[in-house]
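The structure appears right after this line, and notes come after that.
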Amino acid sequence: MSPTRVLVLNSGSSSVKYQLLDMRDSSRLAVGLVERIGERSARLKHTPLATGEAREWSAPIADHDAALKAVAEELAKDGLGLDSPELAAIGHRVVHGGLAFTRPTVIDDAVLAEIERLIPLAPLHNPANVTGIRTARAMRPDLPQVAVFDTAFHTTMPESAARYAIDVQTADEYRIRRYGFHGTSHAYVSRATAKLLGKAPEDVNVIVLHLGNGASAAAVRGGKCVDTSMGLTPLEGLVMGTRSGDMDPAVIFHLKRVGGMSTDEIDTLLNKKSGLIGLCGENDMREIRRRIDEGDEQARLAFDIYLHRLKKYIGAYIAVLGTVDAIAFTAGVGENAAEVREAAIAGLEGLGPAVDAGLNAVRSDEPRLISPAGARVAVAVVPTDEELEIATQTYALVGKNS
Ligand code: AMP
């Protein structure tokens, strides 16, 4: 029998998240996380789904090489080791695929070199992805390894949506355009939304609102992305946990000229100290809601700014798509914060979408409709599953041939 397991690796600068799935039924065999790699004490948490009992320990882990070895040892304890003949492939999340990668790609030396060439476009993410790939290839050089790109789903955007209105030569020289991110999530959720409506992805137009700590919206026409809110980097678009989202670019010149700030300081300000945390000192929506309930004006204003931006994008994407079948909420805030969903749709009923308060209040891990029967635009909550999407795309590419 051909192997059916896929290991999904999501390598960050100081962390590795992983899941082992069996693609016969898309079930999880193990999930885990290594954090604080390279720091004084790293932490590993590993859960084999057969028992559901997590094993957790802290010890120094010098680098990604050591982290992956530790993961392999934990998996081996459950009889799920990387040397298992059941393992069909490893799927790697890669943040930036530029214009070169429009689909999942089997990794060879040339592909790895191209991912490295894209590092200037994603200096925080691609280096860690490259390290993860190198380490995994060294451990299992014989095994097919696949890169699944956050940007790939957005490569169908027309030039009118993807280009900034700046000098074309300059833009081309520095590869400046809108790439978009969260692509595996937008792909998965838009497809799952079509399924929820009982239709094929080709037959529906969906607005996906991925609202996590990072947040982005996508307009998806017939299964293909036609616009998304993140741009050259994940900084553009919605108000996020710690990122500003859209802003007059002249704010940067002002901070340099008048504020005397360095480029790195402004980068940190806009990426790490802005958004909800910059507005009210808190980026967890639960805590913001709690503070609002206590009458905290700063938290209220942060919430209102977040919602104002979100509404603008919903309205814009209704205009971009012309007709919309569904609006789908996903990720940490989108899946859990009923009051965000309610406030985002409130007042848009004339444009088609509506939220039923009773349905919106139900908590569930399943995809579900929260709009009243007969709403012209359905509103849905669709839990995202980026790991499953990466595993599915990886297995579709290599699994059946291995
Ligand atoms: P993610 O990046 O998708 O993991 O989402 C993380 C964010 O989801 C957190 O920062 C919280 O703001 C938000 N979140 C998670 N659970 C809840 C909840 N029950 N209610 C409101 N927001 C939540």
Side-chain angles (χ1 to χ4, degrees), residues 8 10-19 31-33 35 45 93 95 124-125 150 153 180-190 192-193 208-218 228-230 233-235 237-245 271-294 296 298-307 309-310 328-345 355 357 359-368 370 380-390:
V8 176
N10 182 351
S11 306
S13 56
S14 65
S15 69
V16 176
K17 285 190 211 141
Y18 61 94
Q19 291 197 1
V31 302
L33 167 69
E35 290 175 296
K45 184 174 179 186
R93 178 191 183 208
V95 167
L124 298 179
H125 296 101
D150 265 24
F153 184 61
F181 299 88
H182 290 146
T184 47
S185 178
H186 288 297
Y188 176 85
V189 171
S190 55
T193 305
V208 179
L209 303 172
H210 178 111
L211 309 177
N213 199 29
S216 67
T228 194
S229 59
M230 284 178 168
T233 76
L235 184 54
L238 300 172
V239 175
M240 310 182 208
T242 67
R243 297 184 202 129
S244 63
N271 273 297
K272 303 219 166 105
K273 299 182 181 170
S274 296
L276 293 170
I277 210 159
L279 289 166
C280 71
E282 177 59 62
N283 64 339
D284 191 315
M285 193 54 85
R286 286 163 287 203
E287 188 58 20
I288 291 174
R289 291 302 311 175
R290 196 190 57 72
R291 280 172 52 186
I292 292 173
D293 289 343
E294 288 176 353
D296 185 322
Q298 219 187 357
R300 174 88 248 167
L301 182 60
F303 186 83
D304 289 349
I305 295 170
Y306 182 96
L307 261 300
R309 184 82 52 83
L310 184 56
F329 286 88
T330 193
V333 176
E335 291 167 27
N336 295 298
E339 55 288 350
V340 169
R341 299 192 296 256
E342 184 198 322
I345 302 300
V355 166
L359 294 174
N360 191 30
V362 175
R363 300 192 66 86
S364 159
D365 293 334
E366 296 297 316
R368 58 201 184 272
I370 57 167
V381 181
V382 179
T384 193
D385 195 336
E386 290 170 276
E387 288 78 15
L388 175 59
E389 180 68 17
I390 292 171

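Whatever order the structure lists them in is the order used to number ligands and atoms, beginning at 1.
The one candidate from Thr384, Val189, Thr184 that meets the side-chain contact (heavy atoms from CB on, under 4.5 Å) condition with Glu389 is Thr184.
Taking 4.5 Å as the limit, some side-chain heavy atom of Met230 sits within range of a side-chain heavy atom of Met240. Using a 4.5 Å heavy-atom threshold, the side chains of Glu386 and His210 count as touching.
When the heavy atoms of Glu339, Glu282, Arg286, Glu287 are ranked by distance to atom 20 (N) of ligand 1, first place goes to Arg286.
Residue Ala337 has at least one heavy-atom neighbour below 4.0 Å for each of these atoms of ligand 1: 21 (C). Using a 4.0 Å cut-off to heavy atoms of Asp284, the atoms of ligand 1 that qualify are 11 (C), 12 (O). Near Asn283, the atoms of ligand 1 lying under 4.0 angstrom from a non-hydrogen atom of the residue are 10 (O), 12 (O). When each atom of ligand 1 is checked for a heavy atom of Val333 under 4.0 Å away, the hits are 8 (O), 12 (O), 13 (C). Interface of Gly212 with ligand 1, defined as ligand atoms under 4.0 Å from a residue heavy atom, comprises 1 (P), 2 (O), 3 (O), 5 (O). If you number the atoms of ligand 1 from 1 as listed, the ones under 4.0 Å from a heavy atom of Ala331 come out as 3 (O).
With respect to Asp304 and Arg300, a salt bridge is recorded, a charged nitrogen being found less than 4.0 Å from a carboxylate O. Under 4.0 Å is where a charged nitrogen must lie from a carboxylate oxygen, and between Arg291 and Glu287 no such pair does.
Some N or O of Gly332 is nearer than 3.5 Å to an N or O of ligand 1, by distance alone. An N or O contact shorter than 3.5 Å links Asn213 to ligand 1 by distance. Where the criterion is an N or O separation shorter than 3.5 Å, residue side chain and backbone included, Met285 meets it with respect to ligand 1.
Proximity of atom 4 (O) of ligand 1 to the protein is not indicated, since no non-hydrogen protein atom lies closer than 4.0 angstrom.
Under 3.5 Å, the side chains of Asn336 and Arg363 contain a donor-acceptor pair of N or O atoms. His186 and Ser216 share a donor-acceptor pair across their side chains, judged by distance under 3.5 Å alone.
Checked against side-chain contact (heavy atoms from CB on, under 4.5 Å), Thr233 has the following partners two or more places apart in sequence or in another chain: Leu235. In this structure, the side-chain contact (heavy atoms from CB on, under 4.5 Å) partners of Ile277, at least two apart in sequence or on a different chain, are Thr242, Asn283.
Looking from atom 19 (N) of ligand 1 to the surrounding protein, the closest heavy atom is Asn336 CB, 3.3 Å.
Neither the backbone nor the side chain of Val340 has any atom closer than 4.0 Å to an atom of ligand 1 (non-hydrogen atoms only).
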